[in-house]
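Predicted, not measured: the structure shown is a model, and the values here were computed from it. For this chain, numbers begin at 1 and follow the sequence in order.
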Amino acid sequence: ALHQEERLAVFHGAEGIVHEGGVRRHGDVVMFHTGEAGTYTLSMPENMQKVKELYSGKEYDSAEVVVTTEGPDTFVFKAIK
């Protein structure tokens, strides 16, 4: 299949940046990068239940954010109130 299901959790890091697969977090910003086509589910931390993807402007009002990509891609999410 062209799309592969993956589930990635964004954890709280003692130093503010966490590496979990292609996920990096610093404060209220989360970056996800992938080199492969697929559908990915990102589980956001408790303090990031509503986020905005900065490149597309799309807002998500959920603890889980689902993104689909046809190939290499980067998504940057920022917590919003």
Side-chain angles (χ1 to χ4, degrees):
L2 177 63
H3 294 288
Q4 170 184 341
E5 290 286 336
E6 288 204 29
R7 190 175 208 69
L8 303 167
V10 181
F11 300 101
H12 294 279
E15 297 177 7
I17 299 177
V18 176
H19 302 273
E20 178 67 24
V23 176
R24 288 176 177 58
R25 175 173 179 237
H26 184 73
D28 66 350
V29 176
V30 170
M31 187 275 299
F32 169 64
H33 177 77
T34 181
E36 298 181 16
T39 298
Y40 301 89
T41 301
L42 305 172
S43 297
M44 295 295 174
E46 278 185 32
N47 64 339
M48 293 184 67
Q49 299 301 298
K50 186 171 183 179
V51 296
K52 180 176 188 176
E53 200 289 311
L54 298 181
Y55 294 129
S56 68
K58 184 174 180 181
E59 294 185 7
Y60 298 85
D61 192 12
S62 173
E64 292 191 340
V65 173
V66 178
V67 295
T68 301
T69 180
E70 298 295 325
D73 212 340
T74 299
F75 301 87
V76 179
F77 301 93
K78 181 166 176 52
I80 56 177
K81 296 179 186 210

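Taking NZ from Lys50 and CD1 from Ile80, the interatomic distance works out to 5.0 Å, rounded to the nearest 0.5 Å. Note that CZ of Arg25 and CG of Leu42 are 13.0 Å apart. Values are rounded to the nearest 0.5 Å. Between atom CD of residue Glu53 and atom OG1 of residue Thr74 there is a gap of 9.5 Å, rounded to the nearest 0.5 Å. Taking OH of Tyr40 as the reference point, atom NE2 of His33 lies at 9.5 Å (rounded to 0.5 Å).
Taking the side chain as every heavy atom from C-beta outward, Val67 and Phe32 approach each other to under 4.5 Å. With contacts defined as side-chain heavy-atom distances shorter than 4.5 Å, the pair Glu59/Val51 does not qualify. For the pair Thr41 and Val65, the minimum side-chain heavy-atom distance is 4.5 Å or more.
A search for side chain to side chain contact (heavy atoms under 4.5 Å, CB included) contacts involving Gln49 returns Ala63, not counting sequence neighbours. Looking at residues two or more places apart in sequence or on another chain, you find no ring pair (Phe, Tyr, Trp, His ring centres under 6.0 Å) involving Phe75. Remark: Ser62 pairs with Glu64 by the side chain to side chain contact (heavy atoms under 4.5 Å, CB included) rule, at least two apart or across chains.
Closest approach of Met48 and Phe77 over heavy atoms only: CE-O, 4.3 Å. The shortest non-hydrogen separation linking Pro72 to Gly35 is CG-O, 3.6 Å. Residues Asn47 and Ala79 share a closest heavy-atom pair of O-CB, 4.3 Å.
Val76 belongs to a hydrophobic cluster with Val29, Met31, Leu54, Tyr55, counting contacts under 4.5 Å between side-chain heavy atoms of Ile, Leu, Val, Met, Phe, Trp and Tyr, direct or through other members.
Counting only residues at least two apart or on different chains, the salt bridge (charged side-chain N to carboxylate O under 4.0 Å, His left out) pairs with a member in residues 72-81 are Asp28-Lys78.
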